[in-house]
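First up is the structure itself, then whatever we jot down about it.
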Amino acid sequence: MTILTPPQHVRLDQRAVDELRTTLHGELIRADDDGYEQHRQVWNGSIDRHPALIVRCAGVADVRSAVRFARMHGLLVAVRGGGHSFPGFSVCDGGMVIDLSLMKAIKVDREARTVHVQAGVLLGELDRETQRLGLAVTTGIVTHTGVAGLTLGGGLGWIMRKHGLTIDNLLAVDLITADGEFVKASAIHNADLFWGVRGGGGNFGIVTEFEFRVHPLGPEVFAGPIFWPMEDAAKVLRFYRDWIADCPDELMTIVVQKRTPALPVVPAELVGRRMIAVSACYAGPVEAGAQALRPLKSFGKPLLDLCGPKPYLVHQSMFDPSFPHGWWYYVRSCDVAELNDDLIDIVAEHGRRIVSPITGMALWQMGGAVARIGENDTAFHGRSAGFTLNINGNSQTADGFDAERDWARAYWSALSPYHTSVYVNFLMDEGQERISKAYGTTKYDQLKILKRKYDPDNFFRLNQNIKPA
Ligand SMILES: Cc1cc2nc3c(=O)[nH]c(=O)nc-3n(C[C@H](O)[C@H](O)[C@H](O)COP(=O)(O)OP(=O)(O)OC[C@H]3O[C@@H](n4cnc5c(N)ncnc54)[C@H](O)[C@@H]3O)c2cc1C
């Protein structure tokens, strides 16, 4: 018997599929199996794809078997860590999903100040284990994001200005190549590959384990958002720009434009109101954080101030309720060099046009330790960016999605005179020109040469794809 896998029409031999199943420690799921609907879902509800096979790998051997099977049968492969790719690259129609979400081992070495993390671990799971010992590595700002995809693109987070991007703390990876071979990459093993995986995404193979350096942090930090009415956005941003001009590396901020969500900490009269918030995290002693944030806290008339001492883990989960699984998400992103007056006015104006309570914009303060690593030291591009903007047009279902997407596009287009680079992990499926923008032309060319060495047939192509030179 053969199975026809739309839309590529690859014929799969039933016996071969059964054989694959017997070699796995994890699970093999097909369309008529229990759990298929659950496991084909990704975080972004606007993505609806039907893979022929989902291999839920329990370890390195399963990943190898899956890669070899897919290669032998000419299957398109999607690789899934946390499933949070904005454009849904971790699921495909008709091919195979190599799902790493069962691979959850985390081992912290307190003496060596390192942590080994398997590829299915989510940010919150990693933070919990490291914080148990008062340690942390830079991770992102929503706990249910995957460590794997975030790291391979770079990794922006609350402590990056002090401790660098996630990749700046990466010491080594274990990886399965397109040939199904196991390799290590670090500063001394396959150094070219190690350069490439630090920003080059999933283009070079499937990482099964990461090793990071960790740093003492918390467990309490001075952190949280301060809100002003959107009408004051231009004033707040001008003050903010001048205030952060010479702030310490310990301080990291994200400006958010949104309608205030209905959360227990938000007074009822403020729910739904358009606001601009500056959210902060001080990666150092709580008292020093309080002092550093005093000028911001006393600027103008904040409507709500939730910035104070709190466990780092609590701060890390602050944005979780804003990004649940299954809503429809669209993002446009760009880096900008600085917040000039014109740009500030564009931001203020588009903030006033927010309609949906779940749509918003986040402006990330870059610099600090991120900018002190050499631009050519890793594949990540954009270290000199002043800010990264992330414009999210979201809706709960298909209803109203087009309007939110149009708002995000219009906002992004209005900023186009100031676009510099773009963070690869904040791209949708936007084509080669935008991927080239994410790496810069020189680095993009270097990456294509590296791709030719490690994946000449472009087996790993469902990603922000770097085609082999
Ligand atoms: C709610 C939300 C919050 C976010 N916050 C941040 C943030 O704070 N900082 C930040 O830097 N980014 C952030 N991002 C962007 C995020 O880094 C990317 O979406 C990232 O790709 C998610 O990784 P994942 O493992 O969850 O995704 P997946 O969808 O599983 O994978 C994404 C991509 O990585 C590849 N990939 C995944 N695992 C592996 C692996 N083990 N080996 C090889 N390739 C692999 C996949 O093939 C796919 O192309 C956020 C995204 C979302 C949706």
Side-chain angles (χ1 to χ4, degrees), residues 41-47 57 60 63 67 76-92 97-101 103 117-124 126-127 138-160 165-167 173-178 185 196-197 199-210 252 254 281 316-327 329-331 333 358 360 362 364 366 370 380 382 388 390 392 394 423-429 435 454-455 459-466:
Q41 312 278 348
V42 287
W43 165 82
N44 188 344
S46 74
I47 309 294
C57 300
V60 176
V63 178
V67 166
L76 177 66
V77 159
V79 181
R80 177 182 179 149
H84 277 47
S85 154
F86 282 105
F89 285 145
S90 36
V91 65
C92 53
V97 172
I98 301 183
D99 179 348
L100 307 165
S101 62
M103 295 171 61
V117 185
Q118 275 193 321
V121 169
L122 306 181
L123 304 188
L126 172 57
D127 285 338
T138 305
T139 60
I141 62 168
V142 173
T143 66
H144 46 74
T145 312
V147 170
L150 176 128
T151 302
L152 293 169
L156 318 184
W158 283 116
I159 60 172
M160 68 177 170
L165 299 171
T166 312
I167 48 165
V173 295
D174 292 347
L175 179 142
I176 301 296
T177 65
V197 295
N203 273 285
F204 304 106
I206 302 183
V207 173
T208 53
E209 187 168 309
F210 299 84
M252 160 70 193
I254 300 179
C281 179
Q316 280 289 81
S317 61
M318 171 178 65
F319 286 123
D320 286 5
S322 302
F323 298 97
H325 291 77
W327 286 359
Y329 295 98
Y330 181 78
V331 68
S333 181
I358 63 172
W364 303 59
M366 302 296 287
V370 176
F380 180 87
T388 289
N390 190 306
N392 285 276
N394 310 328
Y423 174 35
V424 72
N425 272 357
F426 288 163
L427 284 176
M428 295 297 285
D429 193 355
I435 298 172
Y454 285 97
D455 183 14
F459 176 73
F460 296 113
R461 61 182 178 279
L462 207 51
N463 43 37
Q464 299 297 349
N465 194 226
I466 297 161

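In listed order, ligands and their atoms are each counted from 1. Heads up: numbering here begins at 1 and tracks the sequence.
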Ligand 1 versus [X]: contacting region, heavy-atom distance under 4.0 Å:
| X | result |
| --- | --- |
| Phe460 | neither |
| Leu152 | side chain |
| Trp43 | side chain |
| Phe204 | neither |
| Val142 | side chain |

N/O separation below 3.5 Å, [X] to ligand 1:
| X | result |
| --- | --- |
| Gly140 | no |
| Ala119 | no |
| Gly83 | yes |
| Val207 | yes |
| Ser90 | yes |
| Asn463 | no |
| Gly149 | yes |
| Leu100 | no |
| Tyr423 | yes |
| Ile141 | yes |

Which residue and atom name correspond to the protein heavy atom nearest [atom], and how close is it?
| atom | result |
| --- | --- |
| atom 30 (O) of ligand 1 | Gly81 N, 2.6 Å |
| atom 17 (O) of ligand 1 | Asn425 ND2, 3.0 Å |
| atom 12 (N) of ligand 1 | Leu150 CD1, 3.5 Å |
| atom 27 (O) of ligand 1 | His84 N, 3.1 Å |

At a 4.0 Å cut-off, with the gap strictly under it, does some heavy atom of [X] reach an atom of ligand 1?
| X | answer |
| --- | --- |
| Gly157 | no |
| Phe210 | no |
| Tyr329 | no |
| Leu122 | no |
| Gly205 | yes |

Q. Any idea which heavy atoms bring Ser90 and Val79 closest together, and the distance?
A. CB-O, 3.3 Å
Numbered atoms and elements of ligand 1 in range of [X], under 4.0 angstrom, heavy atoms:
| X | value |
| --- | --- |
| Leu462 | 47 (O), 49 (O) |
| Phe86 | 15 (C), 51 (C), 52 (C), 53 (C) |
| Phe89 | 49 (O) |
| Phe323 | 1 (C) |
| Ala148 | 38 (N), 39 (C), 41 (N) |
| Gly202 | 43 (C), 44 (N) |

Q. Would you call the rings of Tyr454 and Phe204 parallel, tilted or perpendicular if under 30° counts as parallel and over 60° as perpendicular?
A. perpendicular
Q | Separation of Gln464 CD from Met428 CE (nearest 0.5 Å) | A | 9.5 Å
Q: To the nearest 0.5 Å, tell me how far Arg80 CZ sits from Ile206 CD1.
A: 14.0 Å
Q) Can you find a pair of side-chain heavy atoms, one from Leu156 and one from Phe426, that are under 4.5 Å apart? A) yes
Q.
I'd like to check Thr177 versus Asp455 (side-chain heavy atoms, cut-off strictly below 4.5 Å). Are they in contact?
A. no
Q: Kindly indicate, with the supporting measurements, whether the criterion ring pair (Phe, Tyr, Trp, His ring centres under 6.0 Å) is fulfilled by Phe86 and Trp43.
A: CA-CA 8 Å; Phe86 282 105; Trp43 165 82; 5.6 Å; yes
Q: Determine, step by step, whether Met160 and Met366 satisfy the side-chain contact (heavy atoms from CB on, under 4.5 Å) criterion, reporting the C-alpha distance in whole Å, the side-chain angles of both residues, the deciding distance to 0.1 Å, and the verdict.
A: CA-CA 8 Å; Met160 68 177 170; Met366 302 296 287; 3.6 Å; yes
Q | Verdict with supporting geometry, Asp127 and Thr139, side-chain hydrogen bond (donor to acceptor under 3.5 Å, both in side chains) | A | CA-CA 8 Å; Asp127 285 338; Thr139 60; 3.2 Å; yes
Q | Asn425, Leu427, Thr388, Val424 screened by side-chain contact (heavy atoms from CB on, under 4.5 Å) with Ser333, the one that passes | A | Thr388
Q) Distance only, no hydrogens: is a donor on one side chain within 3.5 Å (strictly under) of an acceptor on the other, for Asp320 and Thr143? A) yes
Q | Flag for Asn465-Asn203: side-chain donor and acceptor within less than 3.5 Å | A | yes
Q: For atom 33 (C) of ligand 1, state whether the nearest protein heavy atom is under 4.0 Å away.
A: no
